[in-house]
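In what follows, a single structure is set out as structure tokens and then discussed.
As the structure lists them, so they are numbered: ligands from 1, and atoms in each ligand from 1.
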Amino acid sequence: MSDIYSKIKKYVYGSPLNTGAVVIDVPASEGEPKPFEYDAAGGTFTYNMKDRDMVFGLGETVRGINKRGWRYTSNNSDDPHHEETKESLYASQNFLIIDDGTKCFGVFVDNPGTVTFDIGYTSASVLTINAQYKDTDFYVIDGDLPLELVTTFRKLVGKSYMPPVWAFGYGQSRWGYKTAEDIREVAKRYKEADIPVDMIYMDIDYMQDFKDFTVNPERFPDFENFVQEMKEQGIHLIPIIDAGVKIEDGYDVYEEGVKNGFFCAKEDGTNLVAAVWPGKVHFPDFLNPKAAEWFGRKYKVLTDAGIDGFWNDMNEPAIFYTEDHLKEVFGGIEEFKGKDIDIWEYFKFNDLVSSLSNNAEDYRRFYHNFNGVKVRHDKVHNLYGFYMTKAAGEAFKEITDNDVLLFSRASYTGMHRYGGVWTGDNFAWWSHLLLNIKMMPSLNMTGFLYSGADIGGFNANTTEDLMMRWVEFGLFTPLFRNHSALGTRDQELYRFKRKKDFKNLIELRHALVPYIIRNFRDAVENDTMYIKPLSFEYRGDERAREVEDQLLVGDSIMIAPVHEQNANGRYVYLPEKMKMLRFRSYNDYDEKILEAGDHYVPVKLNEVLVFIRPGRKLELAKPARCMRDLDMEHLTEISF
Ligand code: MIG
């Protein structure tokens, strides 16, 4: 531990709140936060980037592994349009590494409000960091190698969440499964197609009127037995929990929350009324330890029924509208009534109504009781999903003996100790498969090891080839879940023509599970990364530095996923001699030794490339019907 203190310098500005991100108390340093310059008037940290500097980190964000050349804003947002011009997604992981290939340093900005990272956007060679509210703990991390910086950072913020073993299997999800019958049908059709499935997700329709911790008794008569029935088939049911609590007389969660003052209130002391999935809601004040404990214990209704996995949604928190803002909008509309409007007024009118959801003003209307301190929401906005997930994670220790799968949509550094993340509402686009590839190492740096994207794409209609290529990459991501939106084309793997190929791919995932778990656990225990960019290992290799679509997975392999439509192969860069495996199934593959350098490699639609590094090995299990039956002891090894 003492070592840590010599590698981390903490600079304190204003009076920052304890966000809960860090687990080690670093004494404050005086003076300039070198190599940054701090401008107290503007509250801006500036670093002049060298030409060779690359910038890594920021977790769940758009664009490349190298973040240079764009502006990113930490401001957790429910925005399904993950285009490259977006500055904010659902997460805030304010950790960066700046590396010129020889020297490097890290930065962690512990500030739970809006923080902007201008990484050569305004001026190509200047990195500036600016927080809306200046109260900040600013950490500068010293080290010789990027991986060393990652480990030091992770010692500062604590060990990553370790999910149950079965959570490394394959999950099927879709917004639209409504009844136990729907779910039975999914299980049955997977079985008929002989494709393994380990988890089926329950989206909002399982609830009674979208009320948290209820199960619709008509759609799920005898829920407990149904959970068992699925378990007997080796399938875990994973229900969703939403952040907002429905306002409804007689609903216990609502009534208890009101009675105990556990909801977020406005300046005048009345509870904020927002609208999200269940309709009108109050937001539980997860930042209030008493409210958090109360909400966490509510999961017991479901854990008692045999449930051992959850996904926490809409916890940015997403707001469709608030009652207050709606009134203002109607007031605004009044002013237009009967008027002969021109185009400029038409634009204003349009903006008026489209400003309803996730409105910045609404996030300034309510308050938290954060460990006894009254704080306006926008100042701690990015903590909300973290504290919802923490509430659940802490409660699980009390309410169930099982290890529980838990992941969230919104996140902040520190949440990685309690659960994983999925990357939200992507599209069935080839560019989003590539985005998934590029995001994984950034998420790993920041400690969000159990993570993954909606495979096949959430919004829009997928195609069989996109699904297959995405599954081929998803094989290596810890969270491996096929999920899609209501109204999109069905994308369960049995819907497609090439069922046998999908079966082979899911079996290959099962075969890889011992390798994945060994390396994942190693990353948890040693505060390191399960998925890495090539440049983190191949120091001094100028070509490896710039590779963005090949990744190192665990200690032995490199992957090179195909992410372009109609491609029957791709170029692969090998930083050293490797053994290439081209898998069609876990026991059908060809192998070839390739020298260091560039190669064009044919890869048919149903094939997966894996490259074994010299002196390393890949262990494989014999696939089973489900994770429960997987023999993790008797493994075969492919070595090089
Ligand atoms: O307004 O529960 O990101 O995975 O299927 C959408 C319905 C709410 C957003 C989540 C998505 C989920 C959907 N939810």
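Here the two rings, on Phe502 and Tyr170, have centers that are 6.0 Å apart or farther. Aromatic ring centres of Phe213 and Phe295 lie closer together than 6.0 Å. Close placement of the Tyr190 and Tyr494 rings is indicated, their centers lying within 6.0 Å of each other. For His368 and Phe283, the gap between ring centers reaches or exceeds 6.0 Å.
Counting non-hydrogen atoms of other residues, nucleotides and ligands closer than 6.0 Å to CD of Gln565 gives a total above 12.
Of all protein heavy atoms, the one closest to atom 12 (C) of ligand 1 is Asp203 OD2, 3.4 Å. If you check which protein heavy atom lies closest to atom 4 (O) of ligand 1, you get His483 NE2, 2.9 Å. Among protein heavy atoms, atom 14 (N) of ligand 1 sits closest to Asp313 OD2, 2.8 Å. When hydrogens are left out, the protein atom nearest atom 1 (O) of ligand 1 is Trp277 NE1, 2.6 Å; that is the closest non-hydrogen contact. Annotation: atom 3 (O) of ligand 1 to nearest protein heavy atom, Asp425 OD1, 2.5 Å.
Contacts with ligand 1 closer than 4.0 Å are made by no heavy atom of Asp78, backbone or side chain. Residue contacts with ligand 1 for Trp311 involve side-chain atoms from C-beta outward but no N, CA, C or O (heavy atoms, distance under 4.0 Å).
Residues Asn76 and Ser411 come closest through the heavy atom pair ND2-O, 3.2 Å.
Per-residue contacts place Ile204 under 4.0 angstrom from the following atoms of ligand 1 (heavy atoms of the residue considered): 2 (O). Atoms of ligand 1 lying under 4.0 Å from any heavy atom of Ile240, numbered from 1 in the order shown and given with element: 2 (O). Contact atoms of ligand 1 toward Phe458: 4 (O), 5 (O), 11 (C) (distance under 4.0 Å to a heavy atom of the residue). Taking every non-hydrogen atom of Arg409 and a distance limit under 4.0 Å, the qualifying atoms of ligand 1 come out as 3 (O), 9 (C), 10 (C).
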- request: Go through the steps to decide whether Val421 and Tyr450 satisfy the test side-chain contact (heavy atoms from CB on, under 4.5 Å), and finish with yes or no.
  value: CA-CA 7 Å; Val421 286; Tyr450 192 81; over 6 Å; no
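In this comparison of Phe320, Trp175, Trp422, the heavy atom closest to atom 13 (C) of ligand 1 sits on Trp175.
Residue Asp198 forms a side-chain hydrogen bond (donor to acceptor under 3.5 Å, both in side chains) with just one option from Arg509, His510, Gln172, and that option is His510.
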